[in-house]
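Here's the structure, in structure tokens; my notes come after.
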Amino acid sequence: MTPLTPPPARRIEPGGAPTLIDPPPRGAASPTTGAPAIGGAARNGSRRAPAAQVTERMRIEAVSLAYGNKWVVRDVSLPVRQGEVLALIGASGSGKTTLLRSLNRLTEITAGASRTGRVTLDGEEIERIEVNELRRRISMVFQQPNPFPMSIFENVAYALREEHTARRDRKRRGRRGRRELEPAVIDAVRRAGLYDEVADDLDRPALRLSGGQQQRLCIARALAAGPEVLLLDEPCSALDPISTATIEQQIVGLRESVAIVIVTHNLQQAMRVADHVAFMHLGELVEYGTSEQVFERPSQQRTREYISGAFG
Amino acid sequence: MRSQPATAGTGPAAKPRSKPRDSISSWPWTDRIAYGLCWAAGIALCAIAAWIVLYMAIKGVSYLKPSLLVQSPVGSPNQSGSGGFLDPIEGTFLVTAIGIVVAAPLGVAVAVWLSEYARPAGLARAVESGVETIAGTPSVVLAIFGLLVFSKSFLAFLSQTSAGGAVFGRSFLTAGLIMSLLAIPLIVGSTREALAQVPAHVREASYALGKTKATTIRRVLLPSVRPSIASGITLGMGRIIGDTAIIVILLGASLRLEGAGGAPILSILRGTGSTLTSYVKENSPAGEGNAPQKAYAAAFVLLVIVIALNAVVVRLSGGQSHADGTL
């Protein structure tokens, strides 16, 4: 086999001055991880520079997942770091989406799904975190844009409203009003890069937005929950190239403030946005490394074949 | 029709076909007959519908006087002295309101349970066939059943008790409660169908924001299926408005609203009355009221109400497909 030359890749530089704002403070979640960097550390150079500060948020250790007695993910170990984008690539049926969904325990709603191994969030096992709290800390964006049938504002506010408010508590404080929620909603919409397009009318029904705008609204909604980790399951597969480019831009901008894991079928997309890439095949982790390593100097034969388009 | 382009080429010599290939002249004769029958059936149905509406409109309009809508019926052997049908109109609205107030929350609750929980599976199947059984039961059977149940002394508060202590069992409340059974299957059906059309990832998106199932149902699912709930309710209203057997058996079909005495609103609810359907039945040539002109007028009013409701349903279901488009 001749050495493979990867297709030319356009890397996304963090935008000139993305207006990143600290996510809402999250209690005693992680006193050690330091404040997220503010502003894109725009560096010179043709390659996109790594984020200024990289912190490990999640650790996936020897995780195996099964539906019934059919194993779909086998013995995968990966770190998830804030400050970088981790892309899971691989052919259909390689288990990457299942692995992603197991991180916020969304696999649990599938009857017959089981998991072994350890997944930790800031050192704490995810089983030990109350599931709804966990899902606010690790929120997710899906393949199909799926805004709820309410206004743009309400879509984002939905994620902000408290879930387990005791009745007595609620009576005292009342339902959180619009004025109280507005700054956080606008902040989330802005972080998702949607604000300029919808600023004039946040009360418009969300379903009237274009597909790309809807998906950015879903990202805003996920960000509003104040997550430490953002899971993206092929977020651009239903979108046109221009919307895709906008969303990729946002993803790269966001990695400073939130750890990002993206599942993608699109190798070019992985090249454009990812700092680390994990290649999965038939449930196994075949190769993990920096984007350059995996795409330019893959160590495994199967990786080489996949990225050259031999299968998948 | 074939969608392939007419010029799909076998070369420059091929002539562009002006006719679609699938012309009726190529069909076997059985298919042609069936095709003709389909046309005929469609047109015939259209004609029958038009005939009903036109005939009832002509009859109805010629006998309908505004005074009929505001006068109470009067018992009279003579058609000119029997008053109007204000009470049956009021009765129609009252029974429908009671029926829907009971049926809407129950129907939506059953639909949500069947669509979102449905565990254990055996119970879900039982609920499902229960709903189907109610839907399939003739309303006269429901009415007789209702009369049996509501004549029990512990349910005396729903109707009147005679001096001898016998529970009457007939009132707006009892008729409305049994009427709700007519509407529930329709509301369950349309709500459930709409819930099944909400994709799984929409629910997951809500769970993935740390929301419970209850919150997801309340804040995401129910708002998305609201148009379908509304159209189920409207269909249910049509069923209730159109039913006669339950009115005759369980509402007493008395000429006027006959209060049961006591607190003003409760008196009416526990009292008897009639609706447009029972009024039409009583006054038709087949009934005892002997006021066929008024029966036609009332039937026309009934038809107008039901057609208006149908228009609302069509409108609502049209709005629904629009709202669901991107979900």
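Order of the sequence lines sets the chain letters (A, B, ...), proteins ahead of strands, with each chain counted from 1.
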For the NZ atom on B/Lys213, are there more than 12 heavy atoms of other groups (residues, nucleotides or ligands in this structure) within a distance under 6.0 Å?
yes
Counting only heavy atoms not in A/Glu127 (residues, nucleotides, ligands), do more than 12 fall under 6.0 Å from its CD?
yes
Given that the side chain runs from C-beta out, which part of A/Leu134 has a heavy atom under 4.5 Å from chain B: side chain, backbone, both or neither?
neither
Looking only at heavy atoms, what is the nearest atom pair of B/Ala205 and A/Phe142, with distance?
CA-CE1, 3.3 Å
May I have the list of side-chain donor-acceptor pairs in residues 93-104 of chain B shorter than 3.5 Å, sequence neighbours left out?
unit_1, atom_1, unit_2, atom_2, d
B/Thr96, OG1, B/Thr92, O, 2.6

State, yes or no, whether a side-chain contact exists between B/Pro223 and A/Phe148 at a heavy-atom distance under 4.5 Å.
no
Reported CZ-to-CD distance for the pair B/Arg219 and A/Glu154, which is rounded to 0.5 angstrom
5.5 Å
If you round to the nearest 0.5 Å, how far is CD of B/Glu204 from OG1 of A/Thr110?
6.5 Å
Taking only distance into account, with no hydrogens and no angle test, what donor-acceptor pairs under 3.5 Å do side-chain atoms of residues 120-130 of chain B form with protein atoms, sequence neighbours excluded?
unit_1, atom_1, unit_2, atom_2, d
B/Glu128, OE2, B/Arg192, NH1, 2.9
B/Glu128, OE2, B/Arg192, NH2, 2.6
B/Ser129, OG, B/Arg125, O, 3.0
B/Ser129, OG, B/Ala126, O, 3.2

Return the CZ to OG1 distance between A/Arg135 and B/Thr212, rounded to the nearest 0.5 Å.
10.5 Å
Which bit of A/Arg221 is near chain B, if near means a heavy-atom gap under 4.5 Å: side chain, backbone, both or neither?
both
Taking atom types as modelled, is there a side-chain donor on A/Tyr158 or B/Thr215 under 3.5 Å from an acceptor on the other?
no
Shortest non-hydrogen contact from B/Leu209 to A/Ala159?
CD2-CB, 4.0 Å
